[in-house]
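Report on one structure; see the data block that follows.
Quick note: numbers below take in every heavy atom, side chains included, and nothing from hydrogens, waters or symmetry partners.
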Amino acid sequence: MKDKICLIGLGYVGLPLAVAFAEKFKVVGFDISQSRINELENGHDRTLEIEDNLLSSVKSNITYTADIRDIKDCNIYIVTVPTPIDKTNRPNLTPLIESSKTVGTVLSKDDIVIYESTVYPGVTEDICVSELEKSSGLRFNKDFYCGYSPERINPGDKEHTVTKILKVTSGSTPDAAKQVDDLYKKVIVAGTYLASSIKVAEASKVIENTQRDVNIALINELALIFDQMDIDTNEVLEAAATKWNFIKLTPGLVGGHCIGIDPYYLTFKAEEVGYKPDLILAARQINNGMSKYVADKTIKEMIKSGKIIKGSNILMLGVAFKEDCPDMRNTKVIDIIEELKDFGVSVDVYDPWVDHAKEIGWYKHGIIKNPIESDKKYDAIVVAVGHKQFKAYTNNDYKKLSNGSQIVIDIKNIVTNPAWRL
Ligand SMILES: NC(=O)c1ccc[n+]([C@@H]2O[C@H](COP(=O)([O-])OP(=O)(O)OC[C@H]3O[C@@H](n4cnc5c(N)ncnc54)[C@H](O)[C@@H]3O)[C@@H](O)[C@H]2O)c1
């Protein structure tokens, strides 16, 4: 039988994967969001991960649905639903549990369910499998099998796209593992790495992002130290990076759906098994504190140049969590805005990539149209995201936008002679 693949959750991860599989297989894309289904049926991906012409080129092999009846005759289910945290930084497994229940209701003998969502080790076999068993009435590793294959894509990155990134695979039995690995090998040009177990594959993903978070936290801490000493951190990093094994990272905000979230999955599990992960939690705290530092620094620079803070206007350039992409999930720019507002200033936000701001309620943060085309002047400008549009700004642009003395705060190291640079 030729495999018929169902992707559960058509977001940043699920859609590119669905499209990649649709080059070789019949694919059904399932999502609980009817608006996402409508948009994809109309041939557009608002996350901008898949271009319209690519969506249309695989149209004959892929159907989109929010109706569970349409996914019944699939034999491979790949789950790519969100894994957020709650207000107390604990894993929120509801989307994984709900989607497992959904799959369970359509599961048939010998089907395989592969999870791609980032989790802590044990979630697939200890939590998802029991939901699948309960709602299907089938027995794990007798009637159906599981796999785990973490996703490594990077939103907005047009070079490292899903098929060009080596993929870790795993399965619940040796046969299932081989089947999962063979499946991905058919579409992942970069190849696969078959891990020894599902737990090893789960752990490998969560530590990739934890390692990055901790390394960035170190660079952020160094930036805070050097700022007190009036030493340019970026110049220090350039010099240090001449050593072959220095890991070159830059200081900055750590937002988004992965690096700032996934370590909490690991710390949750670590604490559950009796270990307090001090280093990982300290890194989280340092990275989360960067927004306040930037806001305080902005206010100090304004005071230094004689600006009256209360009632002043600040322009925030960028609100997406990273450059050249519309993804605003868990963006730390919002924390800067909130901090600044506490000082009684008014903040306008301009982001040429974020055009659906209204739809998700971000309008309350004062999202504006291109400020270069208006006459409004600002007491300070914070360059928060390194979008290509902002890289093209000249000193004349900043001059035009400035109200009297020019104060540009540069978080991304893309401005010549800013008042302050992170
Ligand atoms: N975005 C990334 O760059 C990235 C990279 C690697 C791994 N991941 C991981 O992949 C997973 C998915 O992330 P994403 O960025 O694609 O999320 P997303 O929010 O972009 O997309 C998730 C989709 O799942 C749908 N969904 C939610 N609950 C559902 C359910 N019960 N049934 C069916 N559909 C449901 C949502 O409507 C949404 O369209 C997360 O675990 C994330 O940590 C993300």
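Here the side chains of I216 and M290 are not in contact, with every heavy-atom distance at 4.5 Å or above. Counting heavy atoms from C-beta on, the side chains of L15 and R36 come closer than 4.5 Å. The shortest side-chain heavy-atom distance between S172 and I198 falls under the 4.5 Å cut-off. Within the 4.5 Å cutoff, no side-chain heavy atoms of W420 are placed close to those of K300. Looking at heavy atoms from C-beta onward, V236 lies out of side-chain contact with L222 at the 4.5 angstrom threshold. Taking 4.5 Å as the limit, some side-chain heavy atom of S291 sits within range of a side-chain heavy atom of L253. No side-chain heavy atom of T233 sits less than 4.5 Å from a side-chain heavy atom of L422. Counting only heavy atoms from C-beta outward, the side chains of Q34 and N38 approach each other to under 4.5 Å.
The OG1 atom of T83 sits 9.0 Å away from the CG atom of N92 when rounded to the nearest 0.5 Å. One finds the CD1 atom of I37 at 11.5 Å from the CG atom of N42 (value rounded to the nearest 0.5 Å). Rounded to the nearest 0.5 angstrom, E49 CD and L10 CG are separated by 13.5 Å. Taking CG from D111 and OH from Y145, the interatomic distance works out to 11.0 Å, rounded to the nearest 0.5 Å. Here CG of L107 is found 10.0 Å from CD1 of I71. Values are rounded to the nearest 0.5 Å. Atom CG of N288 sits about 7.5 Å away from atom CG of N330, to the nearest 0.5 Å.
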Side chain to side chain contact (heavy atoms under 4.5 Å, CB included) between E23 and L54, worked out:
CA-CA 10 Å; E23 308 256 2; L54 181 52; 3.9 Å; yes
Side chain to side chain contact (heavy atoms under 4.5 Å, CB included) for K59 and L55? Distances and angles first, verdict last.
CA-CA 6 Å; K59 217 171 159 186; L55 264 192; over 6 Å; no
Would K167 and S149 satisfy side-chain hydrogen bond (donor to acceptor under 3.5 Å, both in side chains), going step by step from the backbone distance to the final call?
CA-CA 7 Å; K167 207 155 180 3; S149 179; 2.9 Å; yes
In sequence, state the C-alpha distance, the side-chain angles, and the governing distance for I314 and M302, and then conclude on side chain to side chain contact (heavy atoms under 4.5 Å, CB included).
CA-CA 10 Å; I314 294 182; M302 291 170 75; 3.7 Å; yes
Let me see the working for N141 and T173 under side-chain hydrogen bond (donor to acceptor under 3.5 Å, both in side chains), right down to the final yes or no.
CA-CA 7 Å; N141 281 343; T173 64; 4.9 Å; no
Please step through salt bridge (Lys or Arg N to Asp or Glu O under 4.0 Å) for the pair R421 and D227, ending with a clear verdict.
CA-CA 9 Å; R421 170 180 292 144; D227 192 38; over 6 Å; no
Please determine whether side chain to side chain contact (heavy atoms under 4.5 Å, CB included) holds for the pair V103 and L132, giving the CA-CA distance in whole Å, both sets of side-chain angles, and the decisive distance to 0.1 Å.
CA-CA 7 Å; V103 173; L132 290 169; 3.9 Å; yes
Verdict with reasoning, N75 to D3, per side-chain hydrogen bond (donor to acceptor under 3.5 Å, both in side chains)
CA-CA 6 Å; N75 65 319; D3 291 325; 2.9 Å; yes
Tell me, with the steps shown, if Y115 and S100 meet side-chain hydrogen bond (donor to acceptor under 3.5 Å, both in side chains).
CA-CA 10 Å; Y115 290 87; S100 299; 2.8 Å; yes
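Heavy atoms of other residues, nucleotides or ligands lying less than 6.0 angstrom from OH of Y193 number 12 at most. In R212, the CZ atom is not crowded: 12 or fewer heavy atoms of neighbouring residues, nucleotides or ligands sit closer than 6.0 Å. With a 6.0 Å radius and a threshold of 12 heavy atoms from other residues, nucleotides or ligands, N417 has its CG atom at or below the threshold. No more than 12 heavy-atom neighbours from other residues, nucleotides or ligands sit within 6.0 angstrom of CD1 on I247. In this structure, E51 places its CD atom where only 12 or fewer heavy-atom neighbours from other residues, nucleotides or ligands lie under 6.0 Å away. The 12-atom threshold is exceeded at NZ of K158, counting heavy atoms of other residues, nucleotides or ligands nearer than 6.0 Å.
Panel note: side chain R90, backbone F268; no donor-acceptor pair is recorded below 3.5 Å.
For the residue pair M316 and V347, the shortest heavy atom distance occurs at CB-CG1, 4.0 Å. Between T124 and G147, the closest heavy-atom pair is CG2-O, 4.3 Å. Closest non-hydrogen pair, I414 versus V385, comes out as CD1-O, 4.3 Å. Across all non-hydrogen atoms, the minimal contact from V187 to T163 is O-CG2, 3.2 Å. Annotation for A295 and E339: closest pair CB-CB, 3.4 Å, computed over non-hydrogen atoms.
Salt-bridge check for E272 with K269: passed, with a basic side-chain N closer than 4.0 Å to an acidic carboxylate O. At a threshold of 4.0 Å, the pair K199-E202 does not count as salt-bridged, since none of the basic side-chain nitrogens sits closer than that to a carboxylate oxygen. Salt bridge annotation for D213-R284: present, with a cationic side-chain nitrogen under 4.0 angstrom from a carboxylate oxygen.
No option in D182, D175, D181 other than D182 meets the side chain to side chain donor-acceptor pair (under 3.5 Å) test with K178.
Residues meeting the ring-ring contact (aromatic ring centres under 6.0 Å, His included) test with Y398, sequence neighbours left out: Y393.
For Y184 and F21, the distance between ring centers is under 6.0 angstrom.
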